[in-house]
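In what follows, chains carry the letters A, B, and so on, assigned in the order in which the sequence lines appear, proteins first and then strands, with residues in each chain numbered from 1. These numbers come from a predicted model, not from an experiment.
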Amino acid sequence: MQDKYLPADIERAAQQHWDSTEAFRVTADASKPKYYCLSMFPYPSGKLHMGHVRNYTIGDVLSRFHKMKGFNVLQPMGWDAFGLPAENAAIKNQVPPAKWTYDNIAYMKQQLKSLGFAIDWRRELATCTPEYYKWNQWIFLRMLEKGVAERKTQVVNWDPVDQTVLANEQVIDGRGWRTGAVVEKREIPGYYLKITDYADELLGDLDELTGWPERVKLMQANWIGKSTGVRFAFKHDIAGDDGALINDGKLWVFTTRADTIMGVTFCAVAAEHPLALHAAKGNAELTAFIEKCKHGSVMEADMATMEKEGLPTGLFVTHPLTGKQVEVWVGNYVLMSYGDGAVMGVPAHDERDFAFAKKYSLPIEQVVAVGDKPYSLDAWQEWYGSKDGACVNSGKYDGLGYEAAVDAIAADLAAQGIGEKKVQWRLRDWGISRQRYWGCPIPIIHCDSCGSVPVPDDQLPVVLPEDCVPDGSGNPLHKREDFLNVPCPCCGKPARRETDTMDTFVDSSWYYARYATTFGKDKMVDDETNYWMTVDQYIGGIEHAILHLLYSRFWTKVMRDLGLVTYREPFAHLLTQGMVLNNAFFHKPEGGGKNYYWESELDIRKDAKGQITGATLKKDGTVLEHELTTMSKSKNNGVDPQSLIEQYGADTARFFMMFAAPPEQTLEWSDAGVEGAYRFLRRVWSFGHLFASEIRGQIGAQRQLAGTKLPDDVAAFRREIHLLLKQANYDLGKQQFNTVASATMKMLNALEKAPRQGALAAEVIEECFGILLRVLSPLTPHISHALWLDLGYGDDILKAAWPEPLDAALVQDEVELMLQVNGKLRGALRVPADAPKDAIEAAALAHEATLKFLEGRAAKKVVVVPGRLVNIVG
RNA sequence: GCCCGGAUGGUGAAAUCGGUAUACACAGCGGACUUAAAAUCCGCCGGCGCAAGCCUUGCGGGUUCAAGUCCCGCUCCGGGCACCA
């Protein structure tokens with residue numbers, strides 16, 4: 001064998017071996033347990049970044065580990081290929097998004113291959129191909145038929161200069177990213193999927209997902225947001241222009257704090273609410289305010305942090321329980337799309353209402369007391385919002401606690417026929433229409449006579465023209481007459497195609513099911529999906545904890561209801577990988593936006609601790625700001641793993657990535673330590689060479705290891721390796737790969753110091769190095785493959801059984817216990833491994849450190865923790 | 001603003017059920033080998049103290065024989081907030 005570690009040669013040979021043996025090609029096989037290991041597919045942004053390397057190495061470690069454990073392992077890969085960045089690249093480079101995307105896929109695929117991932121490439125898919133997105137269209141039509149999909153209006157960001165809809169990402173500080181124009185809200189029609197119909201099941205089934213991190217389930221539960229409250233109406237006699245009462249004379253609101261209804265001092269409605277629009281007639285100030293509410297962001301974070309503003313309408317409604325008149329205000333913080341577009345105002349017990357009431361001098365009336373704490377109007381206090389109090393100043397409800405008060409008040413409202421208890425969800429229906437080109441066309445044809453007509457199944461897929469180049473001024477499909485003009489499927493008259501495309505979350509909501517099929521042209525999924533699904537292990541960034549995972553769960557349930565699959569949840573176990581962060585440097589030009597620069601374009605100043613204190617642009621000295629954030633194409637802070645792979649090889653890149661931190665932890669990128677990983681692999685190789693040249697030859701024709709009592713030093717070494725193996729196996733079970741990597745380093749440290757003279761010692765080294773190679777193989781498959789083969793362990797390490805520690809190697813006669821006096825470490829105690837508790841106590845009490853630190857006091861208590869320590873309290 | 005996480009040496013991190021804090025590495029320092037350099041190997045490496053010893057897991061409290069780990073209150077950093085993926 002080569003005496004030098006040459007990763008490029010080793011890796012090429014190993015990858016050729018896997019290719020020629022079709023090592024990772026799998027089919028359904030009922031004779032083995034199956035293991036479907038799936039990593040979130042990448043967006044083909046151009047090059048892999050370190051987050052991808054982390055994600056796919058984790059998946060590969062788990063896949064290879066399970067393969068050696070005897071599982072039938074499926075690990076597929078594909079491309080989440082539709083999306084906004086391709087259009088941005090098109091605007092910048094005048095290249096059609098399709099070409100840019102397919103070029104990126106080709107490059108990134110070669111990068112993935114060079115990392116040696118155990119992928120069944122026959123199952124590769126790209127969501128931008130008609131073969132794939134045909135089924136988005138097909139199932140969308142089924143959803144329309146079942147009423148799961150419907151058309152209604154949606155609120156979007158509108159750039160008044162470019163005359164185009166903007167994504168939230170394209171709105172920066174309330175302005176359009178390209179034009180700098182103040183963004184407006186605009187209502188347009190679009191298609192929605194009724195995920196709210198599944199809210200109960202999506203919430204309830206979280207309990208079955210025992211393989212998911214609690215934090216992710218908690219985030220999903222909070223997002224779905226089930227709350228029980230009371231929906232009730234304030235009556236009024238306000239009539240519209242047609243003479244009829246507006247909304248039948250009822251202003252409906254929803255509250256989770258019905259116990260505070262007696263404290264209502266105002267109501268607030270959304271700017272688009274019928275009462276607001278009615279009041280605005282002939283009221284210039286209110287009209288202007290409503291107009292102002294239409295500007296600004298649709299994003300929840302902006303809504304929640306903006307200054308709460310309002311204006312009175314001069315209209316009054318009647319309190320249903322007190323009969324008092326309550327003034328109606330228009331509030332910029334009330335959303336028409338949420339509930340009934342109106343809320344009751346109880347400033348005494350709601351922090352937001354409190355601030356609003358103070359600002360506009362509205363009355364504040366305490367109706368809940370906690371103990372005898374004094375209520376002061378000066379400032380909001382935490383307990384004002386508590387549910388642990390009792391009603392006061394509330395007439396017949398005085399003295400009732402939260403639940404009793406809600407029950408009594410709901411009953412009284414129900415008796416009047418103007419209220420009832422109601423479950424409310426925070427979850428909203430999923431709007432999937434996007435006014436963008438590079439996405440899956442929504443299969444609808446608009447006909448002047450027949451309305452919106454679904455494209456018949458036999459005309460699917462509606463193929464997206466791939467030669468358009470967007471220019472930022474709107475969807476280029478609007479100019480494609482060949483795409484637009486189509487006869488109506490109903491009446492045959494000239495009609496126009498829908499130009500909206502689907503949210504890319506649609507594409508990623510079912511790809512896992514498609515991988516697990518034979519990619520038939522006549523079916524979305526075939527029966528093979530029921531063999532492979534559910535995914536045994538899903539791996540991806542924590543940033544997908546809510547949206548992508550929730551949409552996928554919803555989609556699976558819809559497919560089940562359509563009879564396409566038999567399972568109800570897509571992902572049994574979930575590993576949420578921490579983000580790989582890097583500094584991003586930007587400058588905020590006048591007129592809004594952020595211009596990001598590559599680190600190579602800058603002069604960066606750091607303090608003694610390496611903290612960045614400032615950065616300027618090399619070419620003109622512009623002072624830049626910086627933030628620590630996820631690696632992303634748009635922020636010019638992605639680190640391409642290519643140079644790492646070229647310089648050190650894939651095994652080093654993989655090992656270093658796994659060693660750097662536990663998978664779930666956020667990781668600030670730094671390549672400090674790559675050298676160490678490379679050095680380690682070089683030492684592994686050298687030891688293999690040493691084993692072949694100096695140690696292996698000592699092994700006799702007859703193996704003696706089994707049943708022979710080993711010399712103490714050999715036994716101690718063997719025990720150390722088996723202990724490390726036990727630890728590594730435990731850590732693999734916990735999916736904590738950084739300590740698996742350290743265990744392999746500790747194994748090599750021990751091997752290098754191990755006794756190596758004589759047949760027995762050589763045999764033990766052979767056994768222990770074999771353990772090291774197998775534990776290492778999921779992390780660094782190439783070097784493990786080469787050494788396994790070259791050293792004669794077998795012809796393919798992939799077919800080797802995973803090592804397990806031997807009890808015979810682990811036994812020990814004596815254990816060392818820590819000795820504490822009053823909780824402080826004062827010494828150590830060696831006792832026989834099977835020493836009884838009273839013998840340990842006696843030995844501890846007699847120890848010189850005990851006598852010294854008790855300073856003549858008697859021991860009041862002795863705590864013995866078996867195998868760990870003794871603590872003497874005196 | 002709301003929801004969810006995180007913080008341990010100069011750095012990445014370890015500590016399985018509340019039981020030896022800093023394993024394994026990186027960087028640094030000292031030494032061996034070498035004409036020299038690289039590579040490799042050996043040693044040191046939280047703070048204070050001559051030492052005995054004392055202090056130390058973001059900050060402030062608490063529970064316990066014992067707290068990085070549990071509880072309460074903060075600070076800072078990261079993720080998500082529905083049209084980035």
Side-chain angles (χ1 to χ4, degrees), chain A residues 40 42-43 45 80 82-85 88 154 156-157 165-171 213-216 218-219 221-223 225 298-306 351-352 426-436 503-505 508 541-548 550-551 576 578-579 581 608-610 628-630 632-634 656 659-662 664-668 670 672-677 679-680 682-683 686 727 730-731 733-734 736 738-739 741-746 749 816-825 828 860-863 865 867-874:
Chain A
M40 290 180 187
Y43 178 78
S45 56
D80 188 13
F82 274 137
L84 204 50
N88 296 341
Q154 52 179 348
V156 296
N157 303 304
V165 175
L166 297 177
N168 282 341
E169 192 192 45
Q170 297 171 318
V171 179
E214 286 304 321
R215 61 169 164 157
V216 174
L218 195 54
M219 280 190 260
N222 289 339
W223 183 264
V298 298
M299 281 178 266
E300 187 187 298
D302 294 334
M303 301 293 293
T305 49
M306 72 186 180
E351 188 168 6
R352 193 170 56 177
R426 206 190 77 96
L427 183 67
R428 309 200 296 259
D429 280 332
W430 175 13
I432 59 158
S433 292
R434 298 289 178 272
Q435 297 68 44
R436 261 175 271 295
D503 181 3
T504 55
F505 274 124
S508 56
I542 183 67
E543 76 274 24
H544 294 295
I546 296 174
L547 291 180
H548 162 60
L550 192 66
Y551 291 146
T576 45
M579 309 268 65
L581 307 181
K609 282 195 159 188
L628 192 60
T629 183
T630 57
S632 143
K633 178 110 189 150
S634 59
F656 170 64
F659 182 60
E664 303 215 282
Q665 196 161 113
T666 303
L667 183 64
E668 287 178 35
S670 156
V674 175
E675 283 283 350
R679 196 147 49 212
F680 167 68
R682 228 165 26 203
R683 277 169 56 210
S686 300
Q727 181 70 53
Y730 177 83
D731 289 344
K734 273 203 310 181
Q736 186 172 295
N738 56 325
T739 49
S742 353
T744 63
M745 290 175 142
K746 290 176 189 176
N749 290 346
E816 187 175 55
L817 302 181
M818 291 304 113
L819 176 62
Q820 292 183 342
V821 180
N822 288 327
K824 295 205 174 195
L825 183 65
K860 286 185 224 150
K861 185 174 180 182
V862 181
V863 182
V865 184
R868 290 273 187 185
L869 58 69
V870 184
N871 187 17
I872 293 166
V873 186

Inset, instruction - Identify the heavy atoms of A:F656 and A:S670 that sit nearest to each other, and give their distance. - result: CZ-O, 3.4 Å
Inset, instruction - Quickly work out the A:L819 CG to B:G19 P distance and round it to whole Å. - result: 18 Å
Inset, instruction - Heavy atoms only: give me the nearest A:M303-A:M306 pair and the separation to one decimal. - result: O-CG, 3.4 Å
Legend entry - Separation of atom CG in A:L84 from atom P in B:A85, rounded to whole Å: 6 Å
Every protein N/O lying under 3.5 Å from an N/O of nucleotides 14-17 of chain B:
residue : atom : partner : partner atom : Å
B:A14   : OP1  : A:N738  : ND2          : 2.7
B:A15   : OP1  : A:Q736  : NE2          : 3.0
B:U16   : O4'  : A:Y730  : OH           : 3.3
B:U16   : O2   : A:Y730  : OH           : 3.1
B:U16   : O4   : A:Q727  : OE1          : 2.4

Collect all protein-nucleotide pairs involving nucleotides 53-59 of chain B in which both atoms are nitrogen or oxygen and the distance is under 3.5 Å.
residue : atom : partner : partner atom : Å
B:G53   : OP1  : A:K852  : NZ           : 3.2
B:C54   : OP1  : A:R826  : NH2          : 3.2
B:C54   : OP2  : A:R826  : NH1          : 3.4
B:C55   : OP2  : A:K824  : NZ           : 2.8

Legend entry - Atom pair CD/CG of A:E169 and A:L84 - distance to nearest 0.5 Å: 6.5 Å
Legend entry - Point-to-point distance, once rounded to the nearest 0.5 Å, from OH of A:Y730 to OG1 of A:T739: 10.0 Å
Legend entry - Spacing of A:M299 atom CE relative to B:A82 atom P, expressed in whole Å: 7 Å
Legend entry - Rounded interatomic separation in angstrom, taking CD from A:E668 and C1' from B:A13: 13 Å
Legend entry - Distance between C1' atoms of B:C72 and B:U63 (Å, rounded): 11 Å
Legend entry - Per A:F659 side chain, nearest of listed nucleotides B:A25, B:A85, B:G79: B:A25
Inset, instruction - State, yes or no, whether a side-chain contact exists between A:M299 and A:V171 at a heavy-atom distance under 4.5 Å. - result: yes
Inset, instruction - For B:A23 and B:C4, measure between their C1' atoms and round to the nearest Å. - result: 30 Å
Inset, instruction - State whether A:S742 places a side-chain N or O below 4.0 Å from either non-bridging phosphate oxygen (OP1 or OP2) of B:A25. - result: no
Legend entry - From CE (A:M745) to CZ (A:R683), nearest 0.5 Å: 7.5 Å
Inset, instruction - Mind checking A:V171 for me? I need base, sugar-phosphate or nothing, with any heavy atom below 4.0 Å counting as a touch. - result: nothing
Inset, instruction - Tell me what A:Q154 touches on the nucleic acid: a base, only sugar-phosphate, or nothing, going by heavy atoms under 4.0 Å. - result: base
Inset, instruction - Please test A:L581 against A:T630 for side-chain contact (heavy atoms from CB on, under 4.5 Å), starting from the C-alpha separation and ending with a verdict. - result: CA-CA 4 Å; A:L581 307 181; A:T630 57; 3.9 Å; yes
Inset, instruction - Looking only at non-hydrogen atoms, find the nearest pair between A:A661 and A:L667 and report the distance. - result: CB-CD1, 3.7 Å
Inset, instruction - Answer yes or no: is there a side-chain heavy-atom contact under 4.5 Å between A:N738 and A:D731? - result: no
Name the pairs: protein N/O against N/O of nucleotides 1-3 of chain B, kept only if under 3.5 Å.
residue : atom : partner : partner atom : Å
B:C3    : O3'  : A:N222  : ND2          : 2.9
B:C3    : O2'  : A:N222  : ND2          : 2.8

Inset, instruction - Determine the Euclidean distance between corresponding C1' atoms of B:C50 and B:G43; express it in Å to zero decimal places. - result: 23 Å
Inset, instruction - Using the P atoms only, state how far B:A82 lies from B:G19, rounded to an integer number of Å. - result: 42 Å
Can you pull every protein N or O that's under 3.5 Å from an N or O on nucleotides 41-46 of chain B?
none

Inset, instruction - Identify the two heavy atoms, one from A:Q736 and one from A:P662, that lie closest to each other, and give their separation to 0.1 Å. - result: CG-CB, 4.4 Å
Legend entry - Bracket string, RNA chain B, 5' to 3' - pairs by Watson-Crick or G-U geometry under 3.5 Å, | interstrand: (((((((..(((......[....))).(((((.......))))).(((....)))..(((((..]....))))))))))))....
Legend entry - For atom CG of A:L628 and atom P of B:G78, their distance in whole Å: 6 Å
Legend entry - Euclidean distance for C1', B:A36 against B:C45 (whole angstrom): 28 Å
Inset, instruction - Let me see the working for A:L427 and A:L550 under side-chain contact (heavy atoms from CB on, under 4.5 Å), right down to the final yes or no. - result: CA-CA 11 Å; A:L427 183 67; A:L550 192 66; 3.8 Å; yes
Inset, instruction - State whether A:R682 places a side-chain N or O below 4.0 Å from either non-bridging phosphate oxygen (OP1 or OP2) of B:U40. - result: yes
Legend entry - Nearest-angstrom distance, C1' atom, B:G5 to B:A52: 44 Å
Inset, instruction - Considering non-hydrogen atoms only, spot the tightest contact between A:N222 and A:R426 and give its length. - result: O-NE, 3.5 Å
Legend entry - side-chain contact (heavy atoms from CB on, under 4.5 Å) assessment of A:W430 paired with A:D503: CA-CA 9 Å; A:W430 175 13; A:D503 181 3; 2.9 Å; yes
Legend entry - Validation row: A:H544, A:S508 side chains within 4.5 angstrom (heavy atoms): no
Legend entry - Sugar-phosphate only, base, or nothing, as touched by A:R215 at under 4.0 Å among non-hydrogen atoms: sugar-phosphate
Legend entry - Euclidean distance, atom CG of residue A:L581 to atom C1' of B:A7 [Å, nearest integer]: 14 Å
Inset, instruction - Report the glycosidic orientation of B:G53: syn if within 90° of 0, anti in every other case. - result: anti
Legend entry - Derivation and outcome, side-chain contact (heavy atoms from CB on, under 4.5 Å), residues A:I432 and A:F505: CA-CA 8 Å; A:I432 59 158; A:F505 274 124; over 6 Å; no
Inset, instruction - Enter syn or anti for the glycosidic conformation of B:C45, syn applying to angles within 90° of 0. - result: anti
Tabulate protein N/O versus nucleotide N/O from nucleotides 60-67 of chain B, keeping only pairs under 3.5 Å, one per line.
residue : atom : partner : partner atom : Å
B:C65   : O2'  : A:N871  : ND2          : 3.2
B:C65   : O2   : A:N871  : ND2          : 2.5

Inset, instruction - Please round to the nearest 0.5 Å and tell me the distance separating atom CD of A:Q435 and atom CG of A:L166. - result: 10.5 Å
Legend entry - P spacing across the pair B:C3 / B:G10, given as an integer number of angstrom: 35 Å
Inset, instruction - Name the nucleic acid region contacted by A:L817, choosing base, sugar-phosphate or nothing; use a 4.0 angstrom heavy-atom cut-off, strictly under. - result: nothing
Inset, instruction - Would you name the heavy atoms of A:S742 and A:F659 that are closest together and state the gap between them? - result: OG-CE1, 4.0 Å
Inset, instruction - Considering only atom P, compute the distance from B:U35 to B:A25 and round it to an integer number of Å. - result: 31 Å
Legend entry - Spacing of A:H548 atom NE2 relative to B:C81 atom P, expressed in whole Å: 14 Å
Legend entry - Separation of B:C81 P from A:L427 CG (nearest whole Å): 14 Å
Inset, instruction - Report yes if a side-chain nitrogen or oxygen of A:T629 is closer than 4.0 Å to either non-bridging phosphate oxygen (OP1 or OP2) of B:G79; otherwise report no. - result: yes
Inset, instruction - Check whether more than 12 heavy atoms from other residues, nucleotides or ligands sit under 6.0 Å from atom CZ of A:R215, and answer yes or no. - result: yes
Legend entry - Inter-residue atom distance A:K824.NZ - A:N871.CG, 0.5 Å rounding: 12.0 Å
